[in-house]
Enquirer: 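Starting off with a structure, shown below.
Side-chain atoms are counted along with the backbone in the values below, which use heavy atoms only and exclude waters and symmetry mates. Both ligands and their constituent atoms are indexed starting at 1 by order of listing.
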Amino acid sequence: MSTLTYTAVEDIPKVHATARKAFDSGKTKSLTFRKEQIAQLGYLIKDNADRLREALHADLGRPYEETDMLDFGPAFGQIKLAYESVEKWNKPQSVDFSLNWFPMRPKMFPEPKGVALLIAPFNIPIFLLFGPLTSAIAAGNAAVLKPSEQTPATSQLLAELLPKYLDPELYHIVNGGVPETTRLLELQWDHILYTGNGRVARIVAAAAAKHLTPLTLELGGKNPVVLDPKVDIKMAAKRILWGRFSNSGQICVCPEYVLVPAHFQDTFVDAIKETYQSFFPEGPENSKSFARIVTEAHAARIKRLLDETKGKIVVGGQTDVSKRYIAPTVVRDVTGDDSLMSEEIFGPVLAIVPVKDVDEAISFIRARDYPLAVYVFSHDKKFQRKVFENTKSGAAVVNETVVNAGVPSLPVGGIGPSGTGYYSGKHAFEQFSHYRTTLNNPGWVDTLIFNFRYPPFKPSYRKYTAALFGNLPPRPGQKPSFAKRWGFWIVFALVGASSVLLTKQGRLLSLTQLKGLIRA
Ligand code: NAD
């Protein structure tokens, strides 16, 4: 087991102060600087890919290929997207057009919030740290990263590498466990992004509330699959098992259970057995394509869930807690009150829950917390729509699992108990930004439109106020009359235009005079 050097608790406020001072220096205002830092994140991974693969193998028994697929690929996707989008994302945004207000040029422009705290879990450490960090940098923030203490080799390596590649004053890693994270959470941040379980999320949220710090929560849950018996079952079995067994089931968007019509369970189980054999021809324990559970404690927890199940094991079932090994396992005939349905398994165990039909499947999902993803395997659009329209989740995915979290332009995020906000791409950029609103009102607007706000008031001014803010929509059931909708503004525009264009003497203004008037 690798050892992880924890940051001294008393040094944590200094890290925070250094990041704040560096942010206040204005260094991150330059978009070129932000782009360089984003690119450096990519080269940190590229230059040290072998060491990172090794570290993840030590921590999670991860096959190297899985590290490329789950950590490097998605991180590169975020880095490329942010690098290419920094200018676009940071442009001022115009707001919905309104004839009444457009002369004041209302706009919004993104500004960095300041210093962000990013707390990550053990399961996909590089993507889950660097994905959000990329967006935080694109938005111009400084950041302190807190990797998981449960992946000591990876967290130690990241602490060594980050200052070599990124500005060491702006971006920091704090390593440690509960005391270190608790100290971090006592400090005032401008945004906190926490990825992990719902129990700790409540601690983080309570700490953020003390400072009224905005918060993004990326949590877990139990992601269901709804299976249409008319689907290509081989394709479904492959994609479901791949999603469930990757990283030994330790992926937040893994499918946890499959709702299958009872009469179709045997067919599905046959397809599972065939796929299982093709994935692990030499058996999973000897396979170089299957990871391990992060700690013995988590392996023991999953073993207990398996020991207590009343379902029937179809494949797998073997466990060796001392080796953090839980065989990829599928259990059939699982019911709603089974141990496997009692909590997020976060391990390589797939439950098959037989139901009468799609309506019962929907009721089953609706009776539980909103998950990160609802997966539907069906070629029938009506079937897909029925499930999605009657359930809620972070993502609604057809004929695929897990891949949705890796598509760079698709933000990842939950709803309610599975999370709040997004941690990737433009949507994460927006969370690390404050959209400052602005307007710039030329003097002539008063002459033309807005003089009626100044005292002394006259009762007639009320109709101008009403016109400026706009009419109410028609009462339900009534159609808007054209005159009511446009009449005032047609007259107003005609009168306004002529009063601008004509001098008191009735002569047309020259172009230069007109420009001068507009500038004023
Ligand atoms: P973990 O044990 O590594 O903990 C996550 C972080 O919380 C760590 O940095 C840890 O130091 C910190 N922490 C632990 N206890 C704490 C405490 N008492 N106070 C303050 N901080 C504390 O990982 P985990 O939470 O077990 O992660 C797995 C969970 O994360 C699963 O539920 C999974 O679904 C979820 N997850 C969600 C996403 C997503 O995108 N929504 C992604 C990955 C994982």
Enquirer: So Arg183 and Glu186, salt bridge (Lys or Arg N to Asp or Glu O under 4.0 Å) or not? Walk me through it.
Expert: CA-CA 5 Å; Arg183 185 70 190 103; Glu186 283 163 5; 2.6 Å; yes
Enquirer: Quick one: are Leu162 and Leu44 in side-chain contact, heavy atoms under 4.5 Å?
Expert: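 Contact flag for Leu162/Leu44 side chains = yes.
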Enquirer: Answer yes or no: does atom CZ of Arg366 have more than 12 heavy-atom neighbours from other residues, nucleotides or ligands under 6.0 Å?
Expert: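 For Arg366, atom CZ is not crowded (no more than 12 foreign heavy atoms under 6.0 Å).
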Enquirer: Is Lys35 close enough and on-axis enough to Tyr83, meaning under 6.0 Å and within 45°, for cation-pi?
Expert: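 Output yes; distance and angle both within limits.
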Enquirer: Filter the ligand 1-protein atom pairs down to N or O on both sides and distance under 3.5 Å, then list them.
Expert:
from: ligand 1; atom 1: 2 (O); to: Gln150; atom 2: NE2; distance (Å): 2.5
from: ligand 1; atom 1: 3 (O); to: Phe122; atom 2: N; distance (Å): 3.3
from: ligand 1; atom 1: 3 (O); to: Ser148; atom 2: OG; distance (Å): 2.6
from: ligand 1; atom 1: 9 (O); to: Ala120; atom 2: O; distance (Å): 2.9
from: ligand 1; atom 1: 9 (O); to: Lys146; atom 2: NZ; distance (Å): 3.1
from: ligand 1; atom 1: 11 (O); to: Lys146; atom 2: NZ; distance (Å): 2.9
from: ligand 1; atom 1: 11 (O); to: Glu149; atom 2: OE1; distance (Å): 2.6
from: ligand 1; atom 1: 11 (O); to: Glu149; atom 2: OE2; distance (Å): 3.4
from: ligand 1; atom 1: 25 (O); to: Asn197; atom 2: N; distance (Å): 2.8
from: ligand 1; atom 1: 25 (O); to: Asn197; atom 2: ND2; distance (Å): 2.6
from: ligand 1; atom 1: 30 (O); to: Gly196; atom 2: O; distance (Å): 3.2
from: ligand 1; atom 1: 32 (O); to: Glu344; atom 2: OE1; distance (Å): 2.7
from: ligand 1; atom 1: 34 (O); to: Glu344; atom 2: OE1; distance (Å): 3.4
from: ligand 1; atom 1: 34 (O); to: Glu344; atom 2: OE2; distance (Å): 2.7
from: ligand 1; atom 1: 40 (O); to: Tyr423; atom 2: OH; distance (Å): 3.3
from: ligand 1; atom 1: 41 (N); to: Leu219; atom 2: N; distance (Å): 3.2
from: ligand 1; atom 1: 41 (N); to: Leu219; atom 2: O; distance (Å): 2.7

Enquirer: Using a cut-off of 6.0 Å, state whether more than 12 heavy atoms not belonging to Lys238 lie near its atom NZ.
Expert: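 Open.
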Enquirer: Is there a side-chain contact (heavy atoms from CB on, under 4.5 Å) between Glu149 and Tyr6? Walk through the geometry before answering.
Expert: CA-CA 9 Å; Glu149 68 278 28; Tyr6 282 18; 3.4 Å; yes
